[in-house]
Amino acid sequence: MKFSILLLTSLLSFNSMAYDYQTEIDEFFELYQIGRINEAVDSIYKSNEYVSSIPDQIIKVKNQLTSLKGLMGNVNNIGKLDTYTVGEYFVHITYIVTYDRQPLRYEFQFFKVKEGWRIYSFSFDDKITNEIKELARKSAMSPKK
């Protein structure tokens, strides 16, 4: 009985730690969608105290995200494309966000620390359509089974 309770406790604590990064991503997009961009950026970086050493880069990200509305229009859809894990200690999550004008890719990387997960990298770009085009071309040229 003690073993099953210990196992259940261990599994529950692992699952809550495993999803800490998802909670951070969800919070980022919730704030982002309602136009609270500075808060969204601050929220995604809050798990990494070392980010304060690069304030110029954080301001640049905030400014770039703020200017997206004028360039891309409104956000229409936010969807997770993939979660790629490296062992139990690193995760790369890719999202696609569609705007009135075009889609953008958002990527988040987290690594595991003693107290949960810490953001390692956050980026966004418009290269996803080029990569989809290349994948589609490769698929069209590969023999069909």
Side-chain angles (χ1 to χ4, degrees), residues 6-145:
L6 178 63
L7 178 62
L8 180 61
T9 304
S10 297
L11 289 173
L12 289 174
S13 64
F14 175 75
N15 283 340
S16 67
M17 283 177 53
Y19 291 103
D20 282 350
Y21 59 82
Q22 187 59 57
T23 302
E24 291 187 38
I25 293 170
D26 292 345
E27 181 180 355
F28 168 81
F29 280 125
E30 286 171 16
L31 290 166
Y32 180 75
Q33 270 193 296
I34 61 173
R36 294 167 55 187
I37 294 163
N38 289 348
E39 290 177 60
V41 173
D42 291 341
S43 79
I44 201 64
Y45 285 121
K46 73 181 174 197
S47 68
N48 194 333
E49 63 199 47
Y50 300 100
V51 169
S52 62
S53 67
I54 53 168
D56 292 344
Q57 291 179 2
I58 301 303
I59 291 169
K60 183 178 177 180
V61 169
K62 289 177 179 179
N63 289 337
Q64 288 172 336
L65 284 172
T66 300
S67 68
L68 281 180
K69 178 146 176 77
L71 296 169
M72 302 293 172
N74 294 318
V75 171
N76 292 296
N77 299 289
I78 297 172
K80 185 190 293 188
L81 294 180
D82 191 39
T83 300
Y84 181 78
T85 58
V86 180
E88 297 177 18
Y89 306 106
F90 194 88
V91 64
H92 181 106
I93 306 105
T94 305
Y95 275 76
I96 188 167
V97 177
T98 61
Y99 294 83
D100 291 335
R101 180 176 178 189
Q102 71 184 63
L104 294 180
R105 171 180 39 207
Y106 283 71
E107 295 177 298
F108 303 86
Q109 293 180 338
F110 291 86
F111 63 100
K112 197 171 194 179
V113 293
K114 290 178 184 175
E115 62 277 354
W117 291 88
R118 181 172 291 156
I119 188 76
Y120 177 70
S121 174
F122 161 70
S123 64
F124 56 96
D125 65 67
D126 64 351
K127 306 287 188 262
I128 191 166
T129 53
N130 296 337
E131 292 174 19
I132 291 170
K133 186 187 303 182
E134 288 301 314
L135 289 170
R137 286 177 177 167
K138 286 179 186 178
S139 176
M141 298 306 288
S142 65
K144 306 292 183 211
K145 292 183 182 183

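From a predicted model like this one, the values you see are computed outputs, not experimental measurements.
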* Working to the nearest 0.5 Å, report the span between CD1 of Ile93 and CZ of Phe110. => 5.5 Å
* Asked: Are the side chain of Ser139 and the backbone of Ala136 linked by a donor-acceptor contact shorter than 3.5 Å?
  -> no
* Asked: Can you name the closest pair of heavy atoms from Thr129 and Pro103 and give their distance?
  -> CG2-CG, 3.8 Å
* Asked: Shortest non-hydrogen contact from Ser47 to Arg118?
  -> O-NE, 3.0 Å
* To do: Would you give the length of the straight line joining atom OG1 of Thr94 to atom CD of Gln109, rounded to the nearest 0.5 angstrom?
  => 8.5 Å
* Measure the spacing between CD1 of Ile96 and CG of Leu81 and express it to the nearest 0.5 Å. => 5.5 Å
* Does a side-chain heavy-atom distance below 4.5 Å link Leu68 with Leu104? -> yes
* Note, Ile37 side chain near Tyr32 side chain (heavy atom, < 4.5 Å) -> yes
* Any pair counted as side-chain hydrogen bond (donor to acceptor under 3.5 Å, both in side chains), so long as it reaches residues 75-84, sequence neighbours left out -> Gln22-Lys80, Asn76-Asp100, Asn77-Thr98
* Asked: Given side chains that start at C-beta, do those of Tyr99 and Leu71 come closer than 4.5 Å, heavy atoms only?
  -> no
* Could you pull out the closest heavy-atom pair between Ser121 and Ile119, with the gap in Å? => O-CD1, 3.5 Å
* Identify which one of Trp117, Phe122, Phe111 satisfies the ring-ring contact (aromatic ring centres under 6.0 Å, His included) criterion when paired with Tyr21. => Trp117
* Asp125: what forms a salt bridge (charged side-chain N to carboxylate O under 4.0 Å, His left out) with it, not counting sequence neighbours? -> Arg105
* To do: Only counting residues at least two apart or in another chain, list the ones meeting salt bridge (charged side-chain N to carboxylate O under 4.0 Å, His left out) with Lys46.
  => Glu27
* Any chance you could measure Glu39, atom CD, to Phe28, atom CZ, to the nearest 0.5 Å? => 12.5 Å
* About how many Å separate CD1 of Ile25 and CD1 of Ile78, when rounded to the nearest 0.5 Å? -> 11.5 Å
* For Glu30, side-chain contact (heavy atoms from CB on, under 4.5 Å) partners two or more places apart -> Asp26
* Just wondering, more than 12 heavy atoms not from Tyr120 lying within 6.0 Å of its OH? -> no
* ring-ring contact (aromatic ring centres under 6.0 Å, His included) involving Phe29 - partner list, sequence neighbours excluded -> Tyr95, Tyr106, Phe108
* What distance separates Asn38 CG from Ile59 CD1, expressed to the nearest 0.5 Å? -> 9.0 Å
* To do: Go through the structure and list residues passing salt bridge (charged side-chain N to carboxylate O under 4.0 Å, His left out) with Lys62, not counting sequence neighbours.
  => Asp42
